[in-house]
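So the structure is just underneath, and the comments pick up after that.
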Amino acid sequence: MTDFHPNALCFGDEFPAGGVPCLVHVETQGLTIAFAADGNQGQAEAVPFSSVAVSAGGLDHDQLVLSWAGPAGQRTLYLKNSDVIRAFRQAAPDQLTMPLERAVGQVRRVRRRHRMVWGIAGGSLLALTLGLWFGNDVLVELAVDRIPIEWEQKLGESAYRDFLTQHEVAKDGPPVDAVTEMTHRLVSQIPDNPYTFEITVVKSDVVNAFALPGGYIVVFTGLMKEAERLEEVAGVLAHELNHVLQRHGLERIVKQLGFIAVVSIVFGNQQGLGQMMKQLGVELMTLRFGRAQETEADLTGLQLLHRAKIDPSGMITFFERLAEKDEGRVEWLSTHPMSSARAERLKDRLAGMPEQSLEPFTFDWSKVRAALGAPTGPGL
Amino acid sequence: MKSEILYPGAFPMVRIELAEGEHIKAESGAMVACSPTIDIESKMEGGFLGALSRKFLTGEKFFFQTLRASRGHGETLLAPTVPGEIVILDLDGVNEYMVQKDGFLAGADGITVESQMQSMSRGLLSGEGFFILKMSGKGMLVLNSFGAIHKIELKPGQEYIVDNSHLVAWSTTTSYNIEKATSGWVASFTSGEGFVCRFRGPGVVYIQSRNPRGFGSWVRQFIPVSE
C-alpha cells in the first residue's frame, strides 16, 4: 500500500460536500490530480491550464480556488499548500497571469483590511486606556471616593509610624505647643471634617513639612526656623491639611496603581487593592503632588487661613522667600515646586477676599524661635 | 483506534477503543469511564501559551486530558457536559474545521487544536467571539452540540443562512458574511434573529438544533431571585 499525502480538496457533483482529498502536481502544461481510492492511489486526472479559472476563496480568502468543466462535470479545487501555489504561479501561462494576480490582490486586500480594522480597534482601545490613565481624573476621583477613610488612615499611619521611628520627635516645648495651637485653630474651621489629624514636630534642620493620607502631618524644626513669622508656618500647615482633605495622596496612589486598580475599585474589588496599597507604603514618603493638586491645596489653604482669622499673606511670603533660596537645599521645594505664577495666583485670590479681623495666637513666637535656636529680635 | 457513538440522541456517549500505546486528547472532564489499562494525564495542548490563549481567547479549558492506553488495549467512554448529539469526523490532513468554543469533545493525537482570530465583523456579530477553535491535522475528531446536530452540505457557490447561535462547526472552504436577518434593523431584532450568517459553499456546516443562549434565558426566568 502506498502512502497517500493529499495537498488539496476537490469538489464536484459526484463528490461529497466536504470535498475529496487529492494530490495535485503542477506540470508544464497543466495539473495532474490524483485521488485516493480505498486507500490506494487511484486514477489521475489531467487538467490543462487553458481550461482553468482562478479565484481566491475559503473562510479567510486565503485559498487558491481553481475551477474547470471536466468530462465528469464541474470541478473546483481548493489549494492551500504554499509549495503547490508557488509552483502554479510559476508555471501558469500568460492568460492565467491576470486572473491569478487579481486573486492574489484580493487576498492581500482582505488581509490588509483585517489588519487595518484590527489596527484601528487596537489603537482606539490604547487611546481609550491612555486617555483614562492620563486624562480622566473623574475616574480616579470616583475610585478614590469609594475608598473608606479608615483604609486611608491605616495606609498613612503605617508609613507615618515607620517614619517617626527613624527620626527624633519633639514631644513638648514651645514649638510643639505652637504647632498644636495652629492646628487646632485651622482644624476647627473645617466643616464636616472626617479626619483626626495628628501633627508631629520632628527635630531636623531639613526645611520641610509633609502630609500623608489619613491626616498625618510632619513638620520639621528646620522649616520653623526658616519662617520669620508664625503666619508662615500656619500657611504651610493650612496647605498640608488641604492635601489631606482633598485626598491628593490617595489620588496619586490610585494613578500610580494604574487603570486596573481603578477598574477594580469601581467594580468593587477592594480586597486586592488593599494588598497593593500596603506595598506602596514606602513610596508614600516620596510622593509628589501634581500641579493642579498644589494649586488646589494653595487656594483652599488660603481660604482656611482666612476663616481661621490667621493672616494669609504669611503663606505667600514664605513660599516666595523659599523660592529665592537654593532649591537643592530646601527639600520642601522639591515636592512643592514654587513658581511666580503660583504666588501671583495666590495674591490675586487674596486681593479678592473680604477683610477679616485677625485673632492673635496665645503663644509668643519669639520664644518658639528661641527654643528652636533661631535668631530672634526686631525684623524677624 | 475505533470509535462508536452509544445511545445516540440527547444523552449520548462515545466509546473509543485504543490499542496499546495509542492515545487521544479530550476536553477536561469528558471521561466517564475507562479500562484500567488507560492512564489519564493532564496536558496543556499547544504548550503554555497555546493553552493560555485557548483559555482566555476562546473560553475553552486550559488543560486537555490525555487518555493513553499505556498498559495494553483498552477503551474509554466520553460524554459532553450539555445534553446533545455527538458527531465523529475524520480529518485527512487537508480538510480543516472551525469549531465554536464548546464544540470540541475529543480528538486523535494527530489533531491540532488552536485558537484563531476572526475578522472584526465576525468577532463582533457572529456570536462566537473574536477567537474560535481551528481543528486541523489527521485523525478522528469528536464534536458535540447542544441539541441535535444537523449537517448542511453546500456545493460550490451554494448559499445557506444560519442563525449565529446555532453554529457548531464549518469547513474552512466555506465562507460566510454576517448580515441582518431581515431587510430592516428593527424587524431584524423584533423577529428574534438579530444577525445571521450567510454561508457560501463548497463545504460542510454543522449546526445544533438548540440555542444555548436562548435556553439559558429561558431557564433564568425559573430561578428564584434572592433578596
Side-chain angles (χ1 to χ4, degrees), chain A residues 3-24 33 35-36 39 53 55-69 73-81 84 106-107 109-122 124-125, chain B residues 87-99 110 116-126 128 130-139 141 143 150-160 167 169-178 197-206:
Chain A
D3 274 348
F4 181 67
H5 297 292
N7 55 14
L9 273 177
C10 190
F11 297 85
D13 291 338
E14 77 276 32
F15 293 151
V20 172
C22 58
L23 185 62
V24 176
I33 302 161
F35 297 96
S55 63
L59 204 58
D60 294 320
H61 295 275
D62 59 350
Q63 301 187 48
L64 183 64
V65 182
L66 307 178
S67 51
W68 67 94
Q74 189 68 27
R75 290 278 166 91
T76 308
L77 195 69
Y78 273 67
L79 284 168
K80 207 175 178 179
N81 185 301
V84 181
Q106 192 188 349
V107 172
R109 271 197 303 280
V110 170
R111 286 182 179 168
R112 204 179 305 135
R113 199 173 63 220
H114 282 192
R115 276 200 297 269
M116 199 170 72
V117 171
W118 277 105
I120 291 170
S124 308
L125 196 67
Chain B
V87 66
I88 299 172
L89 309 180
D90 188 29
L91 267 58
D92 49 33
V94 187
N95 53 359
E96 297 171 339
Y97 284 90
M98 307 307 289
V99 176
Q116 185 167 312
M117 191 165 78
Q118 298 212 86
S119 72
M120 184 63 76
S121 58
R122 286 175 184 169
L124 277 174
L125 307 174
S126 71
E128 304 299 332
F130 287 105
F131 294 85
I132 49 173
L133 296 175
K134 184 181 182 181
M135 308 288 168
S136 56
K138 219 168 180 178
L141 173 65
L143 304 178
H150 179 68
K151 183 181 182 183
I152 299 168
E153 300 186 332
L154 298 175
K155 295 284 178 195
Q158 190 185 348
E159 291 186 347
Y160 214 86
L167 284 172
W170 54 99
S171 43
T172 57
T173 51
T174 62
S175 64
Y176 73 91
N177 295 320
I178 312 280
C197 302
R198 181 186 288 268
F199 274 91
R200 189 181 167 88
V204 178
V205 181
Y206 289 94

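Convention: sequence-line order gives letters A, B, ...; per-chain numbering from 1.
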For this session: Give, for atom NZ of B/Lys134 and atom CG of A/Asp60, the distance between the pair rounded to the nearest 0.5 Å.
Result: 7.0 Å
For this session: Heavy-atom pairs under 4.5 Å with chain A are the metric here; pick the option from B/Thr172, B/Asn95, B/Leu89 that has the most.
Result: B/Thr172
Exercise. Does a side-chain heavy-atom distance below 4.5 Å link B/Pro202 with A/Phe15?
Worked result: no
Exercise. Taking all non-hydrogen atoms of both residues, which atom of B/Pro156 and which atom of A/Phe11 are closest, and how far apart?
Worked result: CG-CB, 4.0 Å
Seminar exercise, completed: Residues B/Leu154 and A/Ala17: closest non-hydrogen pair is N-CB, 3.8 Å
Exercise. If you count heavy-atom pairs under 4.5 Å between each of A/Pro16, A/Gly12, A/Pro6, A/Gly57 and chain B, which one has the most?
Worked result: A/Pro6
For this session: Select one option (side chain, backbone, both, neither) describing which atoms of B/Lys151 are under 4.5 Å from chain A's heavy atoms.
Result: neither
Problem set entry | Distance-minimising heavy-atom pair for B/Val94 and A/Pro21 | CG2-CB, 4.4 Å
Exercise. Where does B/Gln158 contact chain A at under 4.5 Å (heavy atoms): side chain, backbone, both or neither?
Worked result: neither
Problem set entry | Listed partners of B/Tyr206 passing ring-ring contact (aromatic ring centres under 6.0 Å, His included), at least two apart | none
For this session: Evaluate side-chain contact (heavy atoms from CB on, under 4.5 Å) for B/Glu96 paired with A/Lys80, printing each intermediate quantity in order.
Result: CA-CA 11 Å; B/Glu96 297 171 339; A/Lys80 207 175 178 179; 2.9 Å; yes
Seminar exercise, completed: Heavy-atom closest pair (B/Lys155 atom, A/Asp13 atom, distance to 0.1 Å) is NZ-O, 3.4 Å
Problem set entry | Over all atoms of both residues, closest heavy-atom pair of A/Gly58 and B/Ser175 | O-CB, 3.5 Å
